[in-house]
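From a predicted model like this one, the values you see are computed outputs, not experimental measurements. When reading the values below, keep in mind they use all heavy atoms of this one structure, side chains included, and skip hydrogens, waters and symmetry mates. Just so you know, residue 1 is the first one in the sequence shown, and it goes up from there.
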Amino acid sequence: MPHHGVSSGQGHLRANWEQRLERSLPAPRVKLLWMGLGLVLVPALFDSVVLWAPARAYPLPAQEHPVKFSARVSPLQNAFGWRNLTCPVCKVFFTALNYGLKQEPNVARVGSVAIKMCKMLNIAPLNVCQSAVHLFEGDMVEVWRRSVLSPSEACGLILGPSCGHWDIFSTWNISLPSVPKPPPKPPSPPAPGAPVSRVLFLTDLHWDHDYLEGTDPNCADPLCCRRSSGWPPNSRAGAGYWGEYSKCDLPLRTLESLLKGLGSAGPFEMVYWTGDIPAHDVWQQSRQDQLRALTTITDLVRKFLGPVPVYPAVGNHESTPVNGFPPPFIKGNQSSQWLYEAMAKAWEPWLPADALHTLRIGGFYALTPRPGLRLISLNMNFCSRENFWLLINSTDPAGQLQWLVEELQAAENRGDKVHIIGHIPPGHCLKSWSWNYYKIVARYENTLAGQFFGHTHVDEFEIFYDEETLSRPLAVAFLGPSATTYINLNPGYRVYQIDGNYPGSSHVVLDHETYILNLTEANAPAASPHWKRLYRARETYGLPDALPASWHNLVYRMRDNEQLFQTFWFLYHKGHPPSEPCGTPCRLATLCAQLSARADSPALCRHLMPNGSLPEAHSSWSRTLLC
């Protein structure tokens, strides 16, 4: 009799593949198989979700995903007796397993084990475990079936290259044109009185539709200050009206206040908006929730900014499941078409037809906002360590980097300058993507006039160096502060002063200003929100200009000047630093992050220590990634 409502024909096929599994493994180990898949799925799923990561930079060993996978293989080898597994049996086993995982009851079976493991390991409250696993299980199992669990990949990993080829996240290279690179030519400072443009930069708005004043800001869930958070004990205060210093996002009224209060920071020539619109309740989001956030916030931005052109980029939170951005070769209901089409419709008033065309295909585009300047908006989810769809194929997803090279070469040929906007900074990307991007920036250093990213929620930057010596700073990426308070931050936004719109403009960043809402003041009885300028970069740090060499020198000045670093640490957290002090390891990790626009490249930080090498315990660094 068929199980779980499966037809008799399907039940026969199901029995067939289970028999093949039992022939490959002793019967008791078939049950162990589901536990093993659950064990692997849980850390993989929650590596992707990264529900609780605070915005900090601390010394941690840098690891790529293959290291994690390899570390998990040995226990499974012992559990299943795979030490004596032959190549033919291995391939039969994984072929049968792949077929079996297509059946809905077995996706649910893996999910059920993952929920139990999530609860047993105390990863999250049971309701979060259940919702997250149910949301992710279909996509995750499909991805693993097509990548890690495919016969060639899995058997190559378990038994070695003689039985298959393990190439998950293998290295790859984009092609650069044969056109010789022009000699480096740093931009000339603008003439006195030359026009200066102000560009508003918004990122990580994270609107929480369910934010509720007075609720518990320290609940057990990964996101608090919500209707589901409950009420705090009488000894503790509840969530503030305008936001809270905790693991909370923002109510709509705070974002309205931000946009309404922009007058003193303007006027603006244009707006760069680098994504992450929905809240961090990533364990329970539906496509309808994401589209509501997209349209609500887009309408709000348009209402308050009126005719000012807005140029958005796609954040990792726009999709559901979070971080799930399949490359364009994934078709049907699992593709990202539902999201890109909605974005194209919402953003059509701001973007020309050719930009909307590539947005619909891969979530990226290019346009010309003013004469002599090309703007490129990248979909940085195609570089993300947390985008589980890249397990299938991480080689230049959607051909985006090759397209970027073509855009930059065309701009160089025309004599144009280029700004790049995106969500995830290049130093936080998968290694091959990050190193290829670094190579592209080095090749087109004369053409690139600015790079603008978000994602980390804090106020920082990443410097690019020449690839030959890693000593000549040639570009800087600015990482703007978030609007959201998540985690323990003031709401904020950034304004860039750009060399203005005139013939011969360099279009480079001349300075920048950061504005915040001090929540302590705003949430006081009878108070009203007052957005104020927190600091100006050049004035505060004593910079002669905002070019790469000045930011490079600042890092080394902060290494030697504790007071200067503490100023940076205060501003890094938008005026609300953590209570625990940032000691030497923390300071070195934070400074190293500013030097590291290339992922997993500790050589970039070798000069931070007087003897030219970092202490062994901190020889490699990684920054905690926010979801």
Side-chain angles (χ1 to χ4, degrees), residues 174 176-177 179 181-182 184-188 190 194-201 268-275 308-314 344 347-380 382 398-423 426 436-453 464 474-478 496-510 546-548:
I174 50 91
L176 292 175
V179 181
K181 175 183 174 178
K185 185 181 179 183
S188 303
V196 175
S197 298
R198 296 178 70 82
V199 176
L200 173 64
F201 181 83
F268 307 113
E269 180 182 330
M270 52 191 170
V271 181
Y272 293 164
W273 177 21
T274 61
V308 180
V310 178
Y311 303 119
V314 182
W347 299 340
E348 186 174 12
W350 296 324
L351 306 180
D354 54 347
L356 292 169
H357 175 70
T358 54
L359 175 65
R360 286 187 169 99
I361 294 171
F364 53 88
Y365 63 85
L367 52 78
T368 303
R370 67 191 194 192
L373 178 65
R374 191 73 168 161
L375 173 67
I376 296 175
S377 177
L378 294 177
N379 185 349
M380 300 299 286
F382 291 146
Q400 182 179 219
L401 282 186
Q402 203 62 58
W403 169 84
L404 172 63
V405 169
E406 293 168 6
E407 281 286 339
L408 289 170
Q409 186 59 54
E412 179 180 277
N413 295 344
R414 292 190 302 266
D416 288 350
K417 301 299 181 182
V418 171
H419 284 178
I420 291 176
I421 61 173
H423 183 66
N436 274 289
Y437 182 84
Y438 204 89
K439 178 169 68 174
I440 293 168
V441 170
R443 166 60 184 84
Y444 293 100
E445 61 174 294
N446 289 351
T447 298
L448 275 168
Q451 300 175 68
F452 310 90
F453 298 92
F464 295 76
L474 54 82
V476 61
F478 295 100
Y496 290 100
Q497 297 175 20
I498 308 287
D499 196 6
N501 185 6
Y502 61 92
S505 171
S506 67
H507 305 283
V508 298
V509 173
L510 303 176
L547 297 177

Among all residues two or more places apart in sequence or in another chain, which pass the side-chain hydrogen bond (donor to acceptor under 3.5 Å, both in side chains) test with S377? none

In Å and rounded to the nearest 0.5 Å, what is the CE to CD1 distance from M380 to I420? 8.5 Å

In chain order, what residues pass the side chain to side chain contact (heavy atoms under 4.5 Å, CB included) check against N501, with sequence neighbours excluded? E269, R370, P371

Give the minimum heavy-atom separation between K417 and S506, together with the two atoms involved. CG-O, 3.6 Å

To check you understand the geometry: which heavy-atom pair defines the closest contact between I174 and I440, and what is its length? CD1-CG1, 3.8 Å

Q451: side-chain hydrogen bond (donor to acceptor under 3.5 Å, both in side chains) partners, not counting sequence neighbours: Y437

Are L176 and K181 side-chain neighbours, meaning at least one heavy-atom pair lies under 4.5 Å? no

Over 60° means perpendicular and under 30° means parallel, so classify the ring planes of Y311 and Y272, tilted if in between. tilted

Locate the shortest heavy-atom distance separating P187 from L547; write the atom from each residue and the value. CG-CD2, 3.7 Å

Working to the nearest 0.5 Å, report the span between CG of L378 and CD1 of I421. 8.5 Å

Could you grab the distance from atom CD1 of I361 to atom CG of N379, nearest 0.5 Å is fine? 12.5 Å

Listed by chain and number, what are the ring-ring contact (aromatic ring centres under 6.0 Å, His included) partners of F201, not counting sequence neighbours? Y496

Please test I376 against W403 for side-chain contact (heavy atoms from CB on, under 4.5 Å), starting from the C-alpha separation and ending with a verdict. CA-CA 10 Å; I376 296 175; W403 169 84; 3.7 Å; yes

What residues form a salt bridge (charged side-chain N to carboxylate O under 4.0 Å, His left out) with E412, not counting sequence neighbours? R443

Go through the structure and list residues passing side-chain hydrogen bond (donor to acceptor under 3.5 Å, both in side chains) with W347, not counting sequence neighbours. T298

Stepwise, does the side-chain contact (heavy atoms from CB on, under 4.5 Å) test hold for V405 with Y444? CA-CA 9 Å; V405 169; Y444 293 100; 3.8 Å; yes

Quick one, E407 and V418 - any side-chain contact, counting heavy atoms below 4.5 Å? no

Closest contact, heavy atoms only, A449 versus H507: CB-O, 3.6 Å

Give a yes or no answer on whether the side chain of T274 reaches the backbone of F453 with a donor-acceptor pair at less than 3.5 Å. no

Would you mind reporting whether P184 and L474 have side-chain heavy atoms less than 4.5 Å apart? no

Closest non-hydrogen atom pair, P312 against V310: CD-O, 3.5 Å

Ring-plane angle category for W273 and W350, please: parallel below 30°, perpendicular beyond 60°, tilted otherwise. perpendicular

Backbone N/O of F452 and side chain of H419: donor-acceptor pair under 3.5 Å: no

Student check: side-chain heavy atoms of Y365 and P352 closer than 4.5 Å: no

To check you understand the geometry: which heavy-atom pair defines the closest contact between P548 and V476, and what is its length? CG-N, 4.0 Å

Going by heavy atoms in the side chains, are M270 and L373 under 4.5 Å from each other? yes

So, taking the atom named CG in L448 and the one named CZ in F464, what distance separates them when rounded to the nearest 0.5 Å? 8.5 Å

